[in-house]
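Contents: one structure, followed by commentary.
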Amino acid sequence: MRRDMDLIRAIMLQVEAAEDDRLGVDPDHLSIEGRTTPEIATHVRLLVQAGLLEGQNTTSAGDETWHFSSLRLTWAGCEFLDAARDDTRWGRARDQISQVGSITLPLLLQLLMSYLRQELGLPGEGR
């Protein structure tokens with residue numbers, strides 16, 4: 001299964017919206033229209049591995065789908081969402097990515113941050 005940045009963003013937004021400071025989000029209740037449970041679970045696993053979400057892997061031997069305990073945003077997850085939340089900014093990034101086919105998460109965040117700097121009238125990095 002290929003990593004899907006749109007699905008990653010959708011999961012992050014849903015976790016943020018549903019997060020309870022004490023309990024986190026039950027990942028088994030995540031639902032993204034048009035996406036299967038295995039797709040969502042695999043991307044949750046990737047988000048935990050990338051450090052954007054915090055959650056304990058509770059997958060049992062023989063399970064076909066990844067399972068995690070309650071999910072919470074990490075600092076890095078909040079940083080990603082602050083850059084990716086705006087639909088216009090996200091659309092610009094998606095258009096740019098479509099020209100090359102795929103992109104790494106750090107590069108996507110740099111791209112989103114460059115658009116955010118432009119929106120704020122701030123000079124780009126290294127200037």
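Computed from a predicted structure; not experimentally measured.
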Please report the closest heavy-atom contact between [X] and [Y], naming both atoms and the distance.
X: Leu7; Y: Glu39; value: CD2-O, 3.8 Å
X: Thr104; Y: Met5; value: C-CE, 4.2 Å
X: Ile8; Y: His43; value: CG1-CD2, 3.7 Å
X: Leu53; Y: Thr74; value: C-CG2, 3.7 Å
X: Leu71; Y: Gly55; value: CD2-CA, 4.0 Å
X: Leu105; Y: Ala50; value: CD2-CB, 4.1 Å

Q: Compare all side-chain heavy atoms of Tyr115 with those of Thr88 and state whether any distance is below 4.5 angstrom.
A: no
Q. Is Asp95 close to Arg92 at the side-chain level, that is, under 4.5 Å between some pair of heavy atoms?
A.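 Heavy-atom side-chain distance check fails, nothing below 4.5 Å.
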Mind checking the [atom1]-[atom2] spacing from [X] to [Y]? Nearest 0.5 Å is all I need.
X: Leu52; Y: Met12; atom1: CG; atom2: CE; value: 4.5 Å
X: Ile97; Y: Ile103; atom1: CD1; atom2: CD1; value: 4.5 Å
X: Leu13; Y: Trp90; atom1: CG; atom2: CH2; value: 9.0 Å

Q) Taking only residues two or more places apart in sequence, or in another chain, which ones meet Ala83 in a side-chain contact (heavy atoms from CB on, under 4.5 Å)? A) Leu109, Leu112, Met113
Q: Identify the residue among Arg85, Arg72, Arg9 that makes a salt bridge (Lys or Arg N to Asp or Glu O under 4.0 Å) with Glu16.
A: Arg85
Q.
If we check side-chain contact (heavy atoms from CB on, under 4.5 Å) with Ile11, which of these qualifies: Asp4, Leu30, Leu46?
A.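 Going through Asp4, Leu30, Leu46 one by one, the side-chain contact (heavy atoms from CB on, under 4.5 Å) with Ile11 is satisfied by Leu30 alone.
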Q.
Between Phe80 and Leu73, is the side chain to side chain contact (heavy atoms under 4.5 Å, CB included) condition met? List the steps.
A. CA-CA 10 Å; Phe80 173 80; Leu73 295 174; over 6 Å; no
